[in-house]
2 protein chains.
Amino acid sequence: MVGLRAKGYRLTPQRLAVLRALVESPHHPSVEQIYGQVRLEHPMISQATVYRTVETLKEMTEVLELEFSGASNRYDGRRAEPHPHLVCRGCGSIQDLELPALVREATEVAERAGYELLGHRLDFYGLCPRCRGR
Amino acid sequence: MVGLRAKGYRLTPQRLAVLRALVESPHHPSVEQIYGQVRLEHPMISQATVYRTVETLKEMTEVLELEFSGASNRYDGRRAEPHPHLVCRGCGSIQDLELPALVREATEVAERAGYELLGHRLDFYGLCPRCRGR
DNA sequence: TTATCTGCAAAATGTTTGCATGCAC
DNA sequence: GTGCATGCAAACATTTTGCAGATAA
């Protein structure tokens with residue numbers, strides 16, 4: 001699964017648990033949330049291990065990291081290639097968007113500028129329908 | 001200038017200096033860099049004041065903040081509305097992009113999802129022409 | 001067997017805050 | 001004169017790291 005072994009990494013129970021938590025959640029969880037989930041079955045795991053595993057998976061391009069300076073980073077274990085998101089400033093929820101034309105067009109522009117493109121961030125911040133009501 | 005006074009804020013030398021540093025730099029400086037610049041003329045200013053001023057200007061929609069979790073946030077005092085950027089992972093340089101059609105289209109999509117839109121982030125990460133050579 | 005991984009605690013980083021003093025108005 | 005702003009240092013939040021013991025291969 002995901003080829004940790006194939007790439008020379010050891011397949012530890014902790015890594016499997018973090019990976020499962022990431023793949024099973026559609027909510028773009030933070031390390032804190034992954035930690036809480038994983039601890040249900042691995043009470044002895046440490047946050048440091050979660051941080052390290054997430055970093056490893058990021059290097060393997062198996063998760064996508066969304067950085068937030070004021071708050072915790074969030075992780076997408078379901079779609080590791082960069083893609084657009086809707087981020088609610090009220091409740092912190094994050095949902096995926098499908099905008100393939102946008103991504104394609106944007107990518108072309110960046111490359112035309114002479115950049116070797118490594119990734120992108122196409123995120124929209126606002127209030128989700130639920131949070132608008134308050 | 002910029003109407004700090006008009007909005008009920010006091011016009012202090014520190015605030016003016018930070019504002020000037022922001023408007024004069026096209027490099028999307030960090031607080032650290034603004035601090036270094038401002039200190040040339042105000043040796044007694046503190047970093048806390050720069051942080052507080054930048055926060056104030058952000059609330060006034062006079063600067064745009066670009067968050068980076070691993071590194072310092074960067075600030076654009078020349079164009080406060082959200083707009084696309086090219087960010088070099090090698091040297092950290094940031095340059096503005098003009099993609100009005102992209103922004104318009106993207107905005108429509110987000111609003112169609114029922115969001116009250118507050119801002120967005122359309123950034124591209126890669127290696128600039130200079131850094132590609134290394 | 002052995003190099004990698006883990007848990008723990010401490011450190012590092014960027015940012016925010018409390019408080020006494022200073023200054024814009 | 002009054003209250004907002006500043007400087008300083010301490011507090012904060014998140015993430016990273018050093019190290020000794022554990023474990024996958």
Side-chain angles (χ1 to χ4, degrees), chain A residues 1-22 28-36 38-60 62-75 92, chain B residues 1-22 28-36 38-60 62-75 87 92 94:
Chain A
M1 188 212 233
V2 114
L4 267 163
R5 293 284 307 283
K7 296 188 184 173
Y9 297 98
R10 289 189 181 170
L11 198 49
T12 67
Q14 292 93 332
R15 282 178 174 165
L16 272 179
V18 169
L19 188 53
R20 265 188 49 202
L22 272 166
H28 305 75
S30 64
V31 163
E32 178 83 35
Q33 290 165 334
I34 298 167
Y35 177 57
V38 165
R39 206 160 31 155
L40 298 176
E41 305 210 343
H42 293 264
M44 295 306 295
I45 199 175
S46 71
Q47 283 213 33
T49 294
V50 180
Y51 273 107
R52 281 186 279 225
T53 301
V54 153
E55 180 64 25
T56 300
L57 294 171
K58 200 175 63 179
E59 282 164 14
M60 296 172 65
E62 291 293 341
V63 300
L64 176 66
E65 180 181 66
L66 295 179
E67 297 187 29
F68 294 95
S69 80
S72 305
N73 290 347
R74 306 278 292 267
Y75 298 88
Chain B
M1 189 213 232
V2 116
L4 268 163
R5 293 285 307 284
K7 296 189 185 174
Y9 296 98
R10 291 189 179 167
L11 200 48
T12 66
Q14 291 93 333
R15 282 178 174 165
L16 273 179
V18 169
L19 188 52
R20 265 188 48 203
L22 272 167
H28 306 74
S30 65
V31 162
E32 177 84 34
Q33 290 165 334
I34 298 167
Y35 177 58
V38 165
R39 206 161 28 157
L40 298 176
E41 305 211 344
H42 293 263
M44 296 306 294
I45 199 174
S46 70
Q47 282 214 33
T49 294
V50 180
Y51 273 107
R52 281 186 280 226
T53 301
V54 154
E55 180 63 25
T56 300
L57 294 171
K58 199 175 64 177
E59 282 164 16
M60 295 172 64
E62 292 291 341
V63 300
L64 176 67
E65 181 181 67
L66 295 179
E67 298 188 29
F68 294 95
S69 80
S72 305
N73 290 347
R74 306 279 292 267
Y75 297 88
V87 181
I94 299 182

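Order of the sequence lines fixes the chain letters, A, B, ..., with proteins taken first and strands second; residue numbering starts at 1 for each chain. The basis for the numbers below is simple: all heavy atoms, side chains too, and nothing from hydrogens, waters or symmetry mates.
Distances from the side chain of L11(A) to the nucleotides dG7(D), dC8(C), dA25(D) place dA25(D) closest. The listed nucleotides are dT6(D), dT14(D), dT6(C); the one nearest the side chain of T49(A) is dT6(C). Across dT6(C), dT16(C), dT14(D), the shortest atom-to-atom separation from the side chain of Y51(B) is found for dT16(C). Listed candidates were dA24(D), dG14(C), dT17(D). Nearest to the side chain of T12(A) is dA24(D). Listed nucleotides: dA24(C), dA9(D), dC5(C). Nearest to the side chain of P13(B): dA24(C). Residue S46(A) has its side chain nearest to dG7(C) when only dG7(C), dG14(C), dG7(D) are considered. The N73(A) side chain lies nearest to dT15(D) when the options are dT15(D), dC8(D), dA9(C). When the nucleotides dC5(C), dT6(D), dT15(C) are ranked by their closest atom to the side chain of Y9(A), dC5(C) comes out on top.
Here Y51(A) contributes atom OH and N73(A) contributes atom CG; the two are 7.5 Å apart, rounded to the nearest 0.5 Å. Once rounded to the nearest 0.5 Å, the distance linking CG of L66(B) with CZ of R74(B) reads 8.0 Å. Residue E67(A) holds its CD atom at 12.5 Å from OG of S72(A), rounded to the nearest 0.5 Å.
One interatomic measurement links the two molecules: CD of Q47(B) to C1' of dA10(D), which rounds to 15 Å at whole-angstrom precision. Rounded to whole Å, atom C1' of dC5(C) lies 12 Å from atom CG of L4(A). Distance CD (E67(B)) to P (dT14(D)): 13 Å, rounded to an integer number of Å. When the P atom of dC5(C) is taken as reference, atom NZ of K7(A) falls 15 Å away, rounded to whole Å. Atom-to-atom, OH of Y35(B) to P of dG14(C) comes out at 15 Å; the value is rounded to the nearest Å. With rounding to whole Å, E59(A) atom CD is found 14 Å from dT4(C) atom C1'. Following rounding to the nearest Å, L16(A) (CG) and dT6(C) (P) show an atom-to-atom distance of 11 Å. Atom P of nucleotide dA22(D) and atom NE2 of H42(A) are separated by 19 Å, given to the nearest angstrom.
The phosphate of dG7(D) (OP1 or OP2) has a side-chain N or O of Q14(B) nearer than 4.0 angstrom. For dA25(D), the OP1/OP2 oxygens have a side-chain nitrogen or oxygen of R5(A) closer than 4.0 Å.
Remark: the R10(B) side chain and the dC4(D) base include a donor-acceptor N/O pair separated by less than 3.5 Å.
Each of G8(B) and A48(B) has a nearest nucleotide on DNA chain D; the 5'-most of these lies closest to G8(B). Between S69(B) and R15(B), the one whose closest nucleotide on DNA chain D sits nearer the 5' end is R15(B). Ranked by how close their nearest DNA chain C nucleotide is to the 5' end, K58(B) and M44(A) are led by M44(A).
The local environment of CD in E41(B) is sparse, with at most 12 non-hydrogen atoms from other residues, nucleotides or ligands closer than 6.0 Å.
Using a cutoff of 4.0 Å between basic side-chain nitrogens and carboxylate oxygens, R52(B) and E55(B) are not scored as salt-bridged.
Looking at R15(B), its side chain does come within 3.5 Å of a backbone N or O of R10(B) through a donor-acceptor pair.
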